[in-house]
Each structure stands twice: as structure tokens, then as C-alpha cells.
Amino acid sequence: MNNYITALKAEHIKKKGTGMYWVAAIIGAFMPILYALIMIIENLGDDTASKSKGSIPYNYFTDIIHEMLGGYAEFFFPLLIIISVSRITQLDHKNGGWQLMETQPVNKWAIYSSKFTVLLITNLISILTLVAASYLAGGLMMAVIEVPKAATFGFEAGPVFNIVLRLFVAGLFFTALQYLISVLMPSFVWSMLIGFFLLLGYLFLKIFNVTPGWYPLAILGKVSEYKNGSELGYWLIYSEVAALILTTATIYTGFNWYRHKGLKAAFAGTAVRAASLVGVLALTALLSWYIFKPNMYEAHNRTVIAGKLESKEKVKILYILDNFIQDTVAAIPVIDNRFQYEIKKDIPLDRYKFTFENGVNSDFYFGKNDSIYLDIKKYGNSVDGKITGTRLAENQYKQGNENNFAYVAYMLEQKQDLDNVSFYTRQIYKEWDDAMNATDKFRTADNYVPRTDFVSYTKKIITLTYLNYWYDLVKMRKAVYPGQPTKPTPEIAGMIKSVSLHDDALLSNEGYFNYVTSRLIENNEADIDEGTKILRAIAAMKPGTFKDKLLFWQLKSSLREANTIEERANLMKYYAYTFKDTKYSNIVAGINKTLDGIAKGKEAPAIAGTTIDNKPFSLEQYKGKLIAIDVWATWCGPCREESPKFEKIALKYKKEGIQFVALSTDRKIEDWYMDAKLKSKSVLQVHIDNNEFFSTAYDVEFIPRFILIGKDGKLINAKMPRPGEKTFEDIIRKELGMKEL
């Protein structure tokens with residue numbers, strides 16, 4: 001220990017003038033301070049954030065630290081390690097410093113470990129500066145920008161310590177590896193180049209999602225990927241535990257290589273050295289394999305839903321709904337904000353919904369013999385929390401993998417290169433294969449993977465998605481190139497063969513419905529609309545659950561597409577009472593009643609909302625004016641596309657007798673405030689108070705949705721064309737008594 005302390009003091013004397021610790025502090029402070037300056041410039045004088053209501057409480061400063069983790073852990077921190085390691089080793093590579101040290105009264109381990117300690121101190125200074133600078137940045141922003149009311153400002157000792165610990169441990173392996181390289185390579189340039197190559201290699205591999213879990217920079221990357229750390233309450237996630245083991249092996253290898261002046265002498269000079277190396281490597285490999293080996297939850301012996309609720313409201317019942325027909329699976333009593341309930345009936349693996357009395361809800365996956373724990377935070381219209389238990393991995397997988405971009409979908413949407421069948425078959429198969437492989441790569445923070453039943457289900461859904469692209473291509477080519485067959489390749493044919501046309505378990509998925517119905521009518525050349533073809537094909541099927549679900553899907557759609565009460569009445573007459581299970585008849589009857597209720601000339605159902613100025617909104621306030629409503633949300637891409645067109649028309653007619661309203665259905669109200677503030681003042685910005693009631697009353701399944709209400713409060717059109725279509729403005733002009741354009 002005396003040798004080590006002596007060597008450590010010597011290292012601190014030698015490093016004077018190098019500015020290593022200052023560089024570490026600067027790199028740690030860079031991102032938070034830059035972030036604060038950008039946010040201040042962008043939001044100066046904007047007080048909308050302070051008006052956020054009903055959002056989930058969060059710690060303002062911890063949130064800033066989380067924002068910093070991506071760039072810091074994956075670029076700036078590795079960059080610091082590369083620079084620091086090269087700097088400290090080159091101090092003694094110059095002028096034979098390493099050899100000179102060995103003449104001093106300290107052993108080689110003290111020399112090797114003292115330098116490594118200085119590197120760890122450098123790392124820790126940078127991490128602590130990142131945290132301190134994040135608090136400073138938060139203070140600067142608070143002094144200039146009004147912050148959301150949901151924010152709290154205390155020092156979260158546990159989460160902050162956890163971030164510091166995880167960053168420090170995750171950086172150990174890369175620091176030890178870079179140190180080994182730099183000690184052995186006298187060339188400053190080569191050690192730096194190898195470090196940069198490892199960093200760039202990680203960034204490149206990450207793009208293609210092929211980074212090995214043991215890659216030193218992938219371990220750092222997981223700190224930003226899993227910002228909140230372990231879902232199961234551990235201080236470190238699995239990759240960080242692996243970092244400790246890999247660091248130990250790397251230090252052992254590096255030190256012996258340095259001590260014996262060569263790889264052969266270090267590990268093959270004597271039998272003992274060779275045996276030691278084999279033992280260390282074997283133990284490292286075994287422990288690493290054990291840590292990186294994915295875990296999988298087993299099925300439970302019962303179907304149980306338990307959990308706790310954090311909310312300012314008194315919640316008495318938590319409802320679990322089936323997503324297919326919104327049927328109640330369970331009504332769970334909530335006592336003292338806690339609940340536990342056993343579901344006795346069989347529950348197929350599927351996406352379900354938990355919802356509260358006021359209609360606020362969220363989706364999750366579970367099935368028979370699952371034990372699920374819901375840790376829910378509910379404040380107003382905002383819901384957050386985490387789901388653990390036997391479907392931990394399944395729920396996290398769906399959160400991160402639902403909205404992947406498909407190039408082939410874009411090409412089909414643009415109707416490009418329809419003559420190039422070989423391009424489409426190659427692209428469909430390639431994207432399908434990539435998506436299938438991705439299902440096997442997913443890991444939670446605690447290295448859990450989805451169970452085999454979910455993986456199988458997910459792969460079927462992926463296959464359906466790409467088969468639907470294939471049949472879209474076939475349909476388009478049939479219209480554009482009649483007489484030219486579109487034949488599947490053996491790969492596409494294999495995909496087709498893998499999906500059954502009669503799988504009850506898949507019928508809650510709309511993609512499967514589209515796939516089955518497209519196959520049912522693919523040879524029907526009758527000169528009638530597609531919906532009627534599908535209804536007739538389903539009606540001819542053998543009675544049973546499968547037929548009922550297919551008919552339910554299509555009849556809902558056909559009722560909503562019908563233009564008149566008479567047309568819907570005919571659909572009800574011929575199809576609504578042919579279900580084997582009468583619950584489907586009752587549901588479509590309810591849908592038909594709702595649609596009749598929002599037919600032209602009917603009194604518009606009440607709409608309650610809150611304006612951006614925090615004032616109540618109701619339709620009665622604007623009686624005597626036409627009211628044009630754009631139903632939208634910040635997360636909705638098509639809404640963002642139509643919103644400027646709606647605003648342009650609003651500007652054009654703002655002096656006429658019409659009120660334009662943008663009605664947001666956002667769950668996170670703070671998101672709405674930020675977006676709504678930037679929109680045209682010619683449109684009244686309103687957030688819906690009860691989205692569930694509104695969606696039911698107006699039969700809102702998809703957005704954007706446009707509604708026109710007359711001066712007398714009666715509906716003119718509950719499903720207006722989009723503003724991008726000429727008929728939208730034509731309808732408004734007609735109701736205003738203006739000439740056609």
C-alpha cells in the first residue's frame with residue numbers, strides 16, 4: 001500500500017500542467033451548459049410550460065441529467081477516456097519514463113495501478129461535473145424560463161447516485177482496455193487512433209443494430225438506453241456487472257503483459273503463467289456467458305393482476321378491457337391505492353387496456369397464467385408508470401418496436417416503380433427478415449427477453465405486415481398492368497404458407513383482418529365496392545367465432561363508411577343479426593345508434609375543453625356561428641400535415657361568421673401547450689377535458705377528424721373531408737352563403 005501511495009503521489013506531481021482534471025470537468029460541463037443556453041434562447045419569454053396541468057410529477061434536475069446521458073455516455077465520455085489514457089501513458093513513454101520508474105523503490109503493480117487510479121479519478125471528476133453542471137443548467141433555466149407545474153426540485157440522492165455509479169462502472173472496461181493498448185504502444189498516434197476506431201466502430205454498428213453486448217462502448221451506451229436503470233431494483237444492470245468482470249480480466253492481462261515485457265513472456269514463459277492465463281480467461285468467459293445469457297420468466301400458476309396507484313384522485317375501480325370489442329375483462333377494486341385480483345377465466349395473450357372511471361387509459365400485454373404488477377402514476381389525464389412481472393419484456397418490447405419505418409411501405413404509398421416486381425420482392429423479404437431477426441435481439445435492462453409464445457405471435461404479426469405490402473403491390477399492379485401476373489418468389493411463397501387463414505388468436509390484429517379479407521376477395525371481379533364484397537364473402541362462411549370476428553371488423557367499417565341513415569339501416573338488416581354470438585349484434589347496434597346520433601341535422605353532442613388561456617370551452621359559447629373543429633394530437637403525423645391547411649383556411653375566413661377550433665386529444669397536456677403556443681391565433685386552441693366521452697359521442701376512432709357544426713348547434717358534417725381536399729372549403733363556403741370557388 002505504501003508503494004501504491006508513493007506511486008500515486010508521483011503521478012499527481014507528473015500530471016501537473018497537463019490539465020487532465022480540468023479537461024475532464026470541461027467535458028462533463030459542456031453538454032448541460034450548452035443545453036441550458038439553447039433552451040433559454042428558444043423559450044425566452046414563453047410562459048406556456050408553467051401552465052401545464054395534470055401531468056405526472058417528475059424531478060426537474062434528474063430529468064436534465066437523463067437528457068444529457070445519450071451524448072455524454074456514447075460520445076463525450078469515451079472521448080475523454082481516449083484523451084486521458086493517451087495523455088497519462090505518453091508522459092512516461094517520452095524519454096524512457098517507464099524504464100526510469102522501474103529503478104525507483106516501488107513495485108510494478110504500484111506503477112501500473114496508480115496510473116489507472118488517476119484515470120478513474122479523471123472519469124469520476126467528469127461524471128460529477130456532469131451532474132453538478134446539470135443542476136447549474138437547471139437553475140439558469142429556472143431563472144429565465146417558467147417551468148412546468150408538475151416539476152419538483154429536490155435533490156434525488158438515490159437516482160443521482162445511481163447514475164454516477166452506473167456511468168463510472170460502465171466506463172471501467174473501456175478505460176482498462178484503452179489503458180492496456182496505450183501502455184503497450186509507445187506511439188501516441190496509434191493508441192489514439194485505436195481508441196477513435198473503437199468509438200466510430202460502435203457508432204457505426206449501432207446504426208445497424210448489430211453491436212455485441214460485450215463491446216466496451218455498448219456497455220456505456222446502455223446507460224443512456226436504460227436511463228432509469230434496473231426495472232427490478234438493482235443498482236447495476238447486467239452489462240455493468242459484466243463490465244466489472246471484463247475490467248478485472250483486462251487489468252490482469254495488461255499488467256502481466258507490461259510486467260514481463262511481452263505477451264509470450266507474460267503468459268507462456270512458465271507453466272504457472274500459462275495456467276493462470278487459461279484460468280482467468282476461462283473464468284471470465286464463464287461468468288460473462290452467465291451474465292449475458294438472457295433470462296425468461298416462466299408462466300405463473302394463476303392469472304393475477306396486482307399493483308399500486310399514485311394519484312391525487314380517489315380511484316375506486318380499475319377496469320381491464322379487451323381491445324377488440326372494449327369488453328370488460330375485469331373490474332378490480334382499488335383499496336388505499338393498491339389492488340390485487342385473480343382472473344379466473346381464460347385470457348388469451350393479447351394487448352389489453354387498463355382504464356379508470358374518467359376514461360384515461362393505457363395498453364399492456366398479458367395472458368393466461370401471467371402475474372402482472374402495474375405501478376401506475378395517474379394525474380389528471382396523464383398516465384405513466386412501469387409494468388413488471390411475467391410480461392416485463394413483452395411490454396417493454398412493444399414500447400420500443402412498434403413504429404419502425406418500412407421503406408417498402410413508403411414506395412407503395414408513393415406508387416413508385418410498380419413495374420419493378422423484383423425490387424419489391426427483394427425489399428419485402430429483406431425488411432421482413434431484418435424485422436424477424438430484431439425480435440431475437442431485444443433485452444430489457446435486466447436482460448430479460450420475451451417468452452416464446454409472444455415471440456411467435458410477434459413474428460406472425462411481422463409476417464402479416466409484409467404480406468399485406470405484397471398484396472397491396474399485387475392489387476396495384478392488377479389495376480395498372482392488367483394482364484401482367486405478379487408472381488411471388490419462393491421466399492414470398494414461404495411467408496404466405498407460414499400464415500394460416502383461420503387463426504382465431506390473430507383476429508384482434510387489424511393487419512390479420514386485412515390479410516384474410518384480401519385473400520377472400522382476391523378473385524372476385526364483381527362490379528361492386530370492396531366492403532360489400534368482403535361482407536358477402538364473410539356471410540358465406542361457416543358460423544362460428546372466427547366468422548363473428550371477421551364480420552364484426554367489416555360491419556363496423558361499413559357502417560362508418562355509409563353516407564346515410566338508410567344505407568346503415570340496410571347493412572343492419574342484412575348482416576347485424578347473423579352473428580352466432582349476440583354480443584356482437586348488440587355492439588354494432590350501439591355503433592349504429594351513435595352514428596345516427598351524429599347524422600346531419602342532429603344536435604351536436606356537448607364538447608367540454610380548456611383553452612390555452614386556461615378558460616373553459618363549450619359549444620354553447622359559439623351558438624350563432626359556424627364551428628369548424630380539427631381533432632388532432634401532437635404525436636399524430638397526418639394531423640401535423642393537415643394542421644397548416646386548416647389554419648390557412650381559418651385565416652381566410654376569420655372575418656366571417658365561423659369559429660375555427662383545434663381540439664387536442666393529447667394525453668400529455670404539456671406537449672399540447674408547447675405545440676399549441678406556436679400555432680396561428682386565428683384558430684382557437686382547446687384541450688379536450690374528457691376524451692373518452694368525446695370519442696364515444698362522436699365515434700372518433702382515428703385522427704385527424706374534422707367536424708362542422710351549424711349556427712343552430714346542429715351537426716352539418718361530423719366527418720368532414722380533410723382541409724387538403726377542395727371539398728372541405730367548398731362545404732364551408734356553402735354554409736356561409738358564399739359562391740363556389
Side-chain angles (χ1 to χ4, degrees), residues 204 207-210 397-398 400-442 455-503 506-531 533-534 537 550 553-554 557 636-638 640-641 702 722 724:
F204 177 79
I207 294 171
F208 297 98
N209 195 28
V210 292
Y397 173 85
K398 297 309 292 185
N401 293 275
E402 289 193 317
N403 299 311
N404 293 330
F405 173 77
Y407 180 63
V408 70
Y410 169 79
M411 293 294 287
L412 285 168
E413 185 180 339
Q414 301 299 314
K415 298 179 175 59
Q416 294 185 17
D417 297 334
L418 294 179
D419 58 329
N420 192 349
V421 179
S422 61
F423 159 76
Y424 277 100
T425 52
R426 286 195 308 271
Q427 191 67 24
I428 287 171
Y429 185 75
K430 178 185 179 299
E431 291 187 23
W432 169 80
D433 190 51
D434 289 344
M436 295 288 273
N437 289 333
T439 63
D440 299 322
K441 294 178 180 177
F442 177 78
V455 173
S456 175
Y457 173 84
T458 301
K459 287 185 174 181
K460 286 179 183 178
I461 299 304
I462 291 169
T463 304
L464 283 169
T465 300
Y466 286 94
L467 284 178
N468 280 329
Y469 294 151
W470 166 254
Y471 280 105
D472 285 345
L473 173 67
V474 171
K475 189 188 300 183
M476 289 180 191
R477 281 183 50 80
K478 193 173 184 179
V480 178
Y481 305 109
Q484 288 189 24
T486 307
K487 295 181 178 179
T489 60
E491 292 81 7
I492 301 292
M495 291 167 61
I496 294 171
K497 190 176 179 181
S498 70
V499 177
S500 167
L501 287 173
H502 202 286
D503 190 336
L506 292 175
L507 258 179
S508 62
N509 181 270
E510 187 174 359
Y512 184 61
F513 167 79
N514 292 335
Y515 176 71
V516 172
T517 53
S518 68
R519 298 297 301 275
L520 283 175
I521 65 169
E522 63 182 329
N523 296 318
N524 188 335
E525 301 292 343
D527 189 19
I528 54 176
D529 67 276
E530 188 174 281
K533 286 181 183 180
I534 294 171
L550 274 182
W553 268 111
Q554 184 56 45
S557 176
C636 167
R640 289 182 174 277
E641 186 178 334
F702 307 102
R722 293 188 180 188

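Only this structure's heavy atoms are used, side chains among them; waters, hydrogens and symmetry mates stay out.
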Carefully, step by step, assess V421 and Q484 under the rule side chain to side chain contact (heavy atoms under 4.5 Å, CB included). CA-CA 11 Å; V421 179; Q484 288 189 24; over 6 Å; no
Side chain proximity check, E491 to T425, heavy atoms < 4.5 angstrom: no
Atom pair CG (L412) and CD1 (I428), whose distance is rounded to the nearest 0.5 Å: 6.5 Å
Nearest 0.5 Å, what's the CG-CD1 distance between L467 and I462? 12.0 Å
For the side chain of S557 and the backbone of W553, is there at least one donor-acceptor N/O pair under 3.5 Å apart? no
For the residue pair W432 and Y429, categorise the inter-ring angle as parallel (less than 30°), tilted (30 to 60°) or perpendicular (more than 60°). tilted
Between CZ of F208 and CG of D434, what distance do you get to the nearest 0.5 Å? 10.5 Å
Search all heavy atoms of M495 against all heavy atoms of Y466 and return the closest pair with its distance. CE-CB, 3.9 Å
Taking only Lys NZ, Arg NE, NH1 and NH2, and the carboxylate oxygens of Asp or Glu, determine whether K459 and D440 approach each other closer than 4.0 Å. yes
Applying side chain to side chain contact (heavy atoms under 4.5 Å, CB included), run through L550 and Q554 and close with a yes or a no. CA-CA 6 Å; L550 274 182; Q554 184 56 45; over 6 Å; no
Rounded to the nearest 0.5 Å, what separates atom CD in Q427 from atom OH in Y469? 11.0 Å
Working to the nearest 0.5 Å, report the span between OH of Y512 and CG of L501. 6.0 Å
Counting N and O atoms only, with roles assigned by atom type, does the side chain of N468 sit under 3.5 Å from a partner on the main chain of G511, one being a donor and the other an acceptor? yes
Below 4.5 Å, heavy atoms only, C-beta onward: do I461 and L506 meet side chain to side chain? yes
Would you indicate whether K441, at its atom NZ, is surrounded by more than 12 heavy atoms from other residues, nucleotides or ligands within a distance under 6.0 Å? yes
Mind listing the side-chain donor-acceptor pairs of residues 513-528 below 3.5 Å, one per line with the distance, residues two or more places apart or on another chain?
{"from": "N514", "atom 1": "ND2", "to": "E510", "atom 2": "O", "distance (Å)": "3.4"}
{"from": "Y515", "atom 1": "OH", "to": "R519", "atom 2": "NH1", "distance (Å)": "2.9"}
{"from": "T517", "atom 1": "OG1", "to": "F513", "atom 2": "O", "distance (Å)": "2.8"}
{"from": "T517", "atom 1": "OG1", "to": "N514", "atom 2": "O", "distance (Å)": "3.2"}
{"from": "S518", "atom 1": "OG", "to": "N514", "atom 2": "O", "distance (Å)": "3.2"}
{"from": "S518", "atom 1": "OG", "to": "Y515", "atom 2": "O", "distance (Å)": "2.7"}
{"from": "R519", "atom 1": "NE", "to": "Y471", "atom 2": "OH", "distance (Å)": "3.3"}
{"from": "R519", "atom 1": "NE", "to": "E522", "atom 2": "OE2", "distance (Å)": "3.1"}
{"from": "R519", "atom 1": "NH1", "to": "Y471", "atom 2": "OH", "distance (Å)": "3.3"}
{"from": "N524", "atom 1": "OD1", "to": "A526", "atom 2": "N", "distance (Å)": "2.9"}
{"from": "E525", "atom 1": "OE2", "to": "K478", "atom 2": "NZ", "distance (Å)": "3.0"}

Please round to the nearest 0.5 Å and tell me the distance separating atom CH2 of W470 and atom OG1 of T489. 6.5 Å
Where do T486 and Y481 land on the side chain to side chain contact (heavy atoms under 4.5 Å, CB included) test, with the steps shown first? CA-CA 10 Å; T486 307; Y481 305 109; over 6 Å; no
Distance-only side-chain donor-acceptor flag, S422 / N420, under 3.5 Å: yes
Closest non-hydrogen atoms of D503 and K460, given as atom of the first, atom of the second and distance, are OD2-NZ, 3.5 Å
Between T463 and M436, is any pair of side-chain heavy atoms under 4.5 Å apart? yes
On a heavy-atom basis, which atom in A493 and which in P488 lie closest, and how many Å separate them? N-CB, 4.2 Å
